[in-house]
Amino acid sequence: MSASEQNNLSEIIEEQLPGDIFHFIQHAGDTANSLQQRIYLVGGVVRDLLLERINLDIDLVVEGDAIKLAQAINSEGRAQLVTHPRFGTAKLKWGHRSVDFATARAESYAHPGALPTIHPGTINDDLKRRDFAINAMAVELNPRHFGELIDPFDGCGDLNRQHIRVLHEKSFVDDATRIWRALRYEQRLDFTIEPATRLLLKRDIVYLKTISGDRIRHELELVLREEQPEKALCRAFELDVLTTLHPALKGDSWLIEAFKAARVRCLPDLPHPDFYLALLCYRLTANHLEQLIQYLRPAKTTTQVLQDTIAIKEKTKELKSRRLAPSEVYEILNGYHPVAYAVNAIAAGASAADYIELYLNVLRNVKPALTGEALKKLGVKQGPRIKEVLSKLRHARLDGKITTKKQEEEWVAKRHSS
Ligand code: CTP
């Protein structure tokens, strides 16, 4: 049955949601009824129920008071309750599950890019403030109407047409992060941004400037957590959105191949978003990267990964220039973030990549048998000298000049005992 033919989703809900969540939302509907409130399943989970995609991000909207209702649902205290009275929201957590409650609200925006001003409202108000028709559907959970679909903007029609469509022509002006969201849903679901929305998106790209770097970074992270982030990034490049992050960024066949290689390299896990981000930034110069870091202000480790990636890239020029002894390779490559090596192993040309693999698989594990303590006992002066001798021993080992502990002791006795 196509999405548009559904107007009661109770069977789909029962079939697709895990039993404990199904019983939980039934109980939530019963409790809301006894408090004369109305409760609805909303947003992404409704979209994904209709698409038969697994989504356990359960968002509930309450006409009434979400916090009071969450407290009543949890009257036996089996779940952990977290409330945010200022926003009229609550979260119930049990085991590995969690469910979000929000009080139905109407929104207005003081100016483009501002966070919205919020007032209590009806479910229709709440759906009206949302990004796309496919995300602006709700399912009632009160017993007499359990499973009834509320779809004021023909989200079902869009699911059938495979369209991403905004609800009104000022949607991207109100919140330009929706531009990134449109690309993400389009590419995740293999849909198309419908023509009028696409024109609005192009028109409103300038409003991305009204959004803080922190919020843009959050959107980019969501893209990088998609199954194939390169799809949304290439589409962002095609629509001149990617270059709003930095004009030198590109979404092209190089990026597609690099992201695919990252997934193979990280098996059985998925690449961390930092890994993808570093690949995206790989072709930037150090100066360009600093500009991007100033804008997005990523976490400290992410910044480290990005800077180290470019630093290693610069050094791979030395790796390509002539044949190097293992100790030289070690010195050139030592001291960076592990992800930065992996990124360069993928992105640098073949010969540099060989050196990086050699460093990762062999050289970085080579250590002298003697410790600092042992050197002291052998008469090496305390202080920086110890580090120096350890480093020389490591080099000698790396280049195969020393292979045993006994040889190390002899080497120290000969040259460094005073
Ligand atoms: N929403 C919106 N505008 C935004 C962010 C969110 O209208 N800028 C609405 C959408 O209705 C969305 C819901 O809030 O469905 C929940 O947001 P989020 O969790 O980000 O969306 P999901 O649809 O659940 O997305 P995903 O499938 O990626 O988790």
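Counting starts at 1 for both ligands and their atoms, in listed order.
Between the side chains of Y40 and E63, at least one donor N or O lies within less than 3.5 Å of an accepting N or O.
Y341 has its ring centre less than 6.0 Å from the ring centre of Y359. Aromatic ring centres of F191 and Y185 lie farther apart than the 6.0 Å criterion allows.
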Pair F172-Y207, ring pair (Phe, Tyr, Trp, His ring centres under 6.0 Å): steps then yes or no
CA-CA 8 Å; F172 295 127; Y207 288 95; over 10 Å; no
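Classification of the F24-F101 ring pair by plane angle, with boundaries at 30° and 60°, yields perpendicular.
The protein residues lying under 4.0 angstrom from ligand 1, judged by non-hydrogen atoms, are G43, G44, R47, D57, R130, D131, N135, D175, T177, R178, R181, R184, Y185, R188.
Cation-pi check for K313 over Y282 is met; the charged atom lies under 6.0 angstrom from the ring centroid and within 45 degrees of its normal.
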